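Below you'll find the structure, written out as structure tokens, and then a few comments.
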Amino acid sequence: MDRDSSTLTLEAGSHPGMIRLVNGKANAPCQLNVKRTGIVIRPNNNRVVIRPFEPDSENRIERILGRVAALSEAEIDLLLDDVLREFRNRHQKTRQFFLRRFEQIKSHLLTDQPLSENRKLLMGAYFTQEYSLESAALFNPSMIWHPDQSGLPEGSRRFILSLRATGEGHISSITFRSGVIDGQNQIRIEEPTRFVTAPEQVPNTLFDKTLFARSLVELGIDSPFADQVLTTLGDQFTHDDIQRSIHRALQQNRPRHRGELQPVAQNMLTLVQANYEICFSPELNLSERIIFPSSPTETNGIEDARFVEFHDDDGSVRYYATYTAFDGKVILPQILETEDFLRFKASTLNGPEVRNKGLALFPRRVNGLYAMLSRQDNENIYLMYSDMLHFWYTKEQIAKPTYGWEFVQLGNCGSPLETEAGWLVLTHGVGPMRRYAMGAFLLDLNDPSRLIGRLEKPLLEPNANEREGYVPNVVYSCGGVIHNGELIIPYAMSDYASTFATIPIDTILGAMVRG
């Protein structure tokens, strides 16, 4: 139907995603009245995490260890006491971290002379540093319902808010907050503790050889040498297994060829390291858990996680988050998955259509397939389907920049939200002066390639209090929720701090024009 047609009148009760035509003329879009909550979540440079300090050369590591080895036990005790007194109240399990760091660098010791525990602790302390993970910014929030809804008044729901925390060197990580929305849609954020703790790597993570080989092909890493390595592995293997297989395969080749094979070997190890599992201790408060870059693909940050509560056809529930891994040069879309926010599995996404930023998974399968929004060309929004979560081969364009406030680029602001009217998708558009605004459109529930409603005007634009920050004139979200008939939008203000806004779903749908 042409938007200017006068042959059809849609009366009250018609599909809310369609424009209403009365007496042959299109009604003007409803005036949007987004309510800002006034809640502001600001970066806090008091929240620091301990992480490894990595000197720039092996010789420097050996020199530092040599200086500590030359100290008397009395000097060791005094220095260690000073360190523990200054830092023990800033972190949890400091001694355990120091000992773990010692184990990681002890191969650089020049002798096998037995060392006292205090000397090991002090050596570990010299190779440890603090990092203020959110000193620069706390932004791009994503909101989902908490797995634990116990002990709440009727009409209230507990939520988890993930945020992109950015600190020194613009390194980004994922941090969490929790809160409650009551029956009147009042939002309360729980105060975070002052502690922040990085997870432990889960040892001996198993890899499926068939899927790994397929990933090598997708990344163009497959080669006779890769086949040589894989033939010695079982159907499932660990990081240590493939390291040993690579070492054996290199030794079986002539010395003059080994230099040529090293890049393939390194790429295989990098792929293994990009797929890992981490876990947090159950006694840690949610706000104390930080997902810090762990693999070579993430050395410069984990960016813009879009969390979604995924309900599979068998009734199981898992939480996924698509995110962007950045190593300083290359961006790589990846995915996190968890059942309890204590143990997380990070995996690469593969296939020719896994490109650019802004992937957002639908919260359930659509017609038996996984579905995902994407933006391969950095301008338009696409829809992808796949029968395998980690492999994506096709795409279909579903939305282009159409209005002046989105002419530069259009993208999603999180996973689609299921409503009776259709899939509600929050969007961001970039206009003149690289100004970001948020919008929304509606997709058909059974055929999400059909865009059936769209806002002509922005849903949310930066106001005078929101336009100053690390990147000015930006409002941005990585996903909201629906509660008691209202859309709850967590959003970032100019890539610095985060806040919330709310608006009735009916108001949004009523303002949409036919797609």
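We're numbering straight along the sequence, starting at 1. Keep in mind that the numbers below use all heavy atoms, side chains included, and drop hydrogens, waters and symmetry copies. Predicted, not measured: the structure shown is a model, and the values here were computed from it.
Taking 4.0 Å as the cut-off between side-chain N and carboxylate O, Glu309 and Arg157 do not count as a salt-bridged pair. Between Arg355 and Glu353 there is a salt bridge, since a side-chain N of the basic residue sits under 4.0 Å from a carboxylate O of the acidic one. Ion pairing between Lys106 and Glu103 holds under the 4.0 Å rule for side-chain N and carboxylate O. A salt bridge does not link Lys345 to Glu277: none of the charged side-chain nitrogens sits closer than 4.0 Å to a carboxylate oxygen. A salt bridge is absent between Arg51 and Glu168; no separation between the charged side-chain nitrogens and carboxylate oxygens falls under 4.0 Å.
His170 and Tyr470 have parallel rings, their planes meeting at less than 30° on a 0 to 90° scale where 60° marks the start of perpendicular. Ring planes of Trp423 and Phe362: perpendicular class, angle over 60° (limits at 30 and 60°). Note: Trp392 and Tyr370 have perpendicular aromatic rings, judged against thresholds of 30 and 60 degrees for the angle between ring planes.
Residues forming a ring-ring contact (aromatic ring centres under 6.0 Å, His included) with Phe159 (at least two apart in sequence, or on another chain): none. Evaluation of the side-chain contact (heavy atoms from CB on, under 4.5 Å) rule for Ser215 yields Leu271, Asn350, Phe391 as partners, not counting sequence neighbours.
Remark: side-chain polar atoms of Arg47 are not paired, donor with acceptor, to backbone N or O of Glu134 under 3.5 angstrom. Looking at Asn275, its side chain does come within 3.5 Å of a backbone N or O of Thr348 through a donor-acceptor pair. Although no hydrogens or angles enter the test, the distance criterion places a donor-acceptor pair under 3.5 Å between the side chain of Asn412 and the main chain of Gly358. Distance alone, capped at 3.5 Å, places no donor-acceptor pair between the Ser386 side chain and the Leu389 backbone. When atom types are taken as modelled, the side chain of Gln266 and the backbone of Gln262 share no donor-acceptor pair closer than 3.5 angstrom. The backbone N or O of Asp312 sits nowhere less than 3.5 Å from a side-chain atom of Ser316 that would complete a donor-acceptor pair. Between the Ser374 side chain and the Leu359 main chain, no donor and acceptor come within less than 3.5 Å of each other. With hydrogens and angles disregarded, a donor-acceptor distance shorter than 3.5 Å links the side chain of Arg258 to the backbone of Gln251. Side-chain N or O atoms of Arg289 include one that pairs as donor or acceptor with a backbone N or O of Leu284 at under 3.5 Å. With hydrogens and angles ignored, the 3.5 Å screen pairs no side-chain donor or acceptor of Ser172 with any backbone N or O of Glu303.
Checking Ile302, Asn356, Ile331 one by one against Thr324, the side chain to side chain contact (heavy atoms under 4.5 Å, CB included) holds for a single residue, Ile331. A side chain to side chain contact (heavy atoms under 4.5 Å, CB included) with Ile61 is found for one member of Asn59, Ile64, Leu65 and no other, namely Leu65.
Under the 4.5 Å side-chain criterion, counting only non-hydrogen atoms from C-beta, Met388 is in contact with Leu211. Counting heavy atoms from C-beta on, the side chains of Asp327 and Asn300 never come closer than 4.5 Å. Contact annotation: the side chain of Arg365 approaches that of Phe310 to within less than 4.5 Å [non-hydrogen atoms, C-beta and beyond]. At least one side-chain heavy atom of Pro352 sits under 4.5 Å from a side-chain heavy atom of Glu218. When side chains are defined from C-beta on, His257 does not count as touching Phe225, because their heavy atoms never get closer than 4.5 Å. The shortest side-chain heavy-atom distance between Thr197 and Ile290 does not fall under the 4.5 Å cut-off. Within the 4.5 Å cutoff, no side-chain heavy atoms of Val196 are placed close to those of Thr175. Contact annotation: the side chain of Pro293 never approaches that of Thr299 to less than 4.5 Å [non-hydrogen atoms, C-beta and beyond].
Here the CD-OG1 distance, from Gln334 to Thr297, works out to 4.0 Å after rounding to the nearest 0.5 Å. Atom-to-atom distance recorded for Arg375:CZ and His428:NE2 is 4.5 Å, nearest 0.5 angstrom. In this structure, the separation between CD1 on Ile398 and CG on Asn380 is 10.5 Å, given to the nearest 0.5 Å. Atoms CD and CZ, from Glu337 and Arg318 in turn, are 4.5 Å apart once rounded to the nearest 0.5 Å. Put simply, CZ on Phe176 and NE2 on His146 are 10.5 Å apart, with the number rounded to the nearest 0.5 Å. Here Arg119 contributes atom CZ and Asp77 contributes atom CG; the two are 9.0 Å apart, rounded to the nearest 0.5 Å.
Defined by atom type and a distance below 3.5 Å, a donor-acceptor pair is present between the side-chain atoms of Ser150 and Asp148. Between the side chains of Arg101 and Gln104, at least one donor N or O lies within less than 3.5 Å of an accepting N or O. The closest side-chain donor-acceptor pair between Asn285 and Ser287 falls under 3.5 angstrom. No side-chain donor-acceptor contact under 3.5 Å links Asn267 and Thr270. The closest side-chain donor-acceptor pair between Thr193 and Glu288 falls under 3.5 angstrom.
For Asp112, the CG atom counts as loosely surrounded, since its 6.0 Å shell holds 12 or fewer non-hydrogen atoms of other residues, nucleotides or ligands. At most 12 heavy atoms of other shown residues, nucleotides or ligands fall within 6.0 angstrom of atom CG in Asp235. His247 NE2: 12 or fewer foreign heavy atoms inside a 6.0 Å radius. At most 12 heavy atoms of other shown residues, nucleotides or ligands fall within 6.0 angstrom of atom CZ in Arg42. Around the CZ atom of Arg100, the shell of radius 6.0 Å holds more than 12 heavy atoms that belong to other residues, nucleotides or ligands.
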- Task: Kindly indicate, with the supporting measurements, whether the criterion side-chain contact (heavy atoms from CB on, under 4.5 Å) is fulfilled by Leu163 and Ile174.
- Result: CA-CA 6 Å; Leu163 299 125; Ile174 300 173; over 6 Å; no

- For Asn253 and Gln228, run side-chain hydrogen bond (donor to acceptor under 3.5 Å, both in side chains): C-alpha distance rounded to whole Å, both residues' side-chain angles, the deciding distance at 0.1 Å, then the answer. CA-CA 10 Å; Asn253 283 272; Gln228 183 183 355; 3.3 Å; yes

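For the pair Gln409 and Asn378, the tightest heavy-atom approach, listed with the atom from each and the gap, is CB-O, 3.3 Å. Nearest heavy atom pair, residue Ser498 against residue Leu138, reads OG-O, 3.0 Å. For Glu73 against Ser116, the heavy-atom pair with the smallest separation is OE1-OG, 3.0 Å. When all heavy atoms of Asn140 and Ala492 are compared, the pair lying nearest together is N-CB, 3.2 Å. Heavy-atom minimum distance, Tyr496 versus Ala136: CD1-O, 3.6 Å. The minimum heavy-atom distance between Val474 and Tyr436, with the atom names listed, is CG2-CD1, 3.6 Å.
Sorted by first and then second residue, the ring-ring contact (aromatic ring centres under 6.0 Å, His included) pairs involving residues 77-133 (not counting sequence neighbours) are Tyr131-Phe292.
Between Tyr319 and Phe341, the distance from one ring center to the other falls under 6.0 angstrom.
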